[in-house]
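As structure tokens, the structure follows; a few thoughts come after it.
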Amino acid sequence: MGEARYMDRKEAIRAVLKYCAIQRQTVRYGVLGKAVGIPAQGPWQPVLDEIAKEENPDITFLVVNKDGLSSRIGFEAANPPTDKQRKGAERTIQAVFTHYAK
């Protein structure tokens with residue numbers, strides 16, 4: 001089986017997300033896509049899941065949809081998110097901001 005699409009952009013995605021974390025900002029899929037050369041519709045899941053497994057706290061929570069949350073929370077679909085997913089995402093986003101605070 002071949003490598004998942006856009007894995008060659010993983011480090012560029014990680015760099016943008018770390019920059020966003022330092023700036024205490026989330027980023028929409030479309031904006032991130034323009035920055036790293038991936039269409040807004042992705043597919044994002046394979047590359048973001050790979051980054052999520054490697055980062056603690058999980059910086060992929062900073063990639064958000066129009067509702068202000070990730071489309072996947074805890075490796076599960078979140079359209080719409082459950083209350084538990086929403087609270088977990090909000091905690092993780094704050095943990096990311098705290099971790100990258102300068």
Side-chain angles (χ1 to χ4, degrees):
M1 178 180 229
E3 189 173 272
R5 241 172 129 184
Y6 305 124
M7 284 298 172
D8 61 322
R9 318 266 170 83
K10 184 171 76 167
E11 293 311 315
I13 294 166
R14 187 189 321 267
V16 171
L17 294 179
K18 286 184 177 183
Y19 176 81
C20 289
I22 291 166
Q23 299 300 313
R24 299 183 64 85
Q25 296 177 347
T26 57
V27 62
R28 298 274 299 266
Y29 286 93
V31 173
L32 179 59
K34 284 181 184 174
V36 299
I38 298 175
Q41 355 16 345
W44 289 97
Q45 179 182 337
V47 68
L48 291 180
D49 281 357
E50 193 64 27
I51 293 169
K53 292 174 190 171
E54 299 168 356
E55 293 290 330
N56 186 21
D58 182 356
I59 60 175
T60 66
F61 276 81
L62 299 183
V63 185
V64 299
N65 59 27
K66 66 184 183 313
D67 298 322
L69 292 174
S70 180
S71 295
R72 289 179 52 81
I73 297 173
F75 300 102
E76 295 181 10
N79 285 322
T82 64
D83 286 342
K84 181 178 178 183
Q85 285 177 316
R86 182 177 298 281
K87 288 176 185 167
E90 290 168 355
R91 274 193 308 272
T92 301
I93 289 169
Q94 289 307 311
V96 169
F97 290 163
T98 299
H99 181 78
Y100 287 94
K102 297 275 178 190

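Throughout, residue positions are numbered sequentially from 1 according to the sequence presented.
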Smallest heavy-atom separation, P39 atom then Y6 atom, equals CD-OH, 3.3 Å
Which pairs count as salt bridge (charged side-chain N to carboxylate O under 4.0 Å, His left out) when at least one residue sits in residues 35-44, sequence neighbours excluded?
-> none
Below 3.5 Å, can you tabulate the donor-acceptor pairs from side chains in residues 85-93 to any protein atom, sequence neighbours excluded?
| residue | atom | partner | partner atom | Å |
| --- | --- | --- | --- | --- |
| Q85 | OE1 | T82 | N | 2.9 |
| Q85 | NE2 | A77 | O | 3.2 |
| T92 | OG1 | G88 | O | 2.9 |

Do I59 and Y100 have side chains that get closer than 4.5 Å, going by heavy atoms?
-> yes
The side-chain hydrogen bond (donor to acceptor under 3.5 Å, both in side chains) partners of S70 (sequence neighbours excluded) come to none
Hey, could you give me the CG/CZ distance between L69 and F61, rounded to the nearest 0.5 Å?
-> 9.0 Å
Report whether L17 and V64 are members of the same hydrophobic cluster (ILVMFWY, side-chain heavy atoms less than 4.5 Å apart, transitive linking).
-> no
Evaluate the criterion side-chain contact (heavy atoms from CB on, under 4.5 Å) for residue pair L62 and V96; output intermediate values, then yes/no.
-> CA-CA 8 Å; L62 299 183; V96 169; 3.8 Å; yes
Value rounded to 0.5 Å, distance of NZ in K10 from CD1 in I51 | 7.0 Å
CD1 of I13 to CE of M7: how many Å apart, nearest 0.5 Å?
-> 8.5 Å
Partners of N56 by side-chain contact (heavy atoms from CB on, under 4.5 Å), sequence neighbours excluded?
-> none
Between L48 and F75, is any pair of side-chain heavy atoms under 4.5 Å apart?
-> no
Which atom pairs, donor and acceptor, lie under 3.5 Å between side-chain atoms of residues 18-27 and protein residues at least two apart or in another chain?
none

Flag side-chain contact, heavy atom, 4.5 Å: E55 against T60 | no
Student check: side-chain heavy atoms of R5 and P46 closer than 4.5 Å = no
Pairs satisfying side chain to side chain donor-acceptor pair (under 3.5 Å), at least one member in residues 35-51, at least two apart | D49-R72
To the nearest 0.5 angstrom, please state how far the CG atom of D67 sits from the CG atom of N79.
-> 7.5 Å
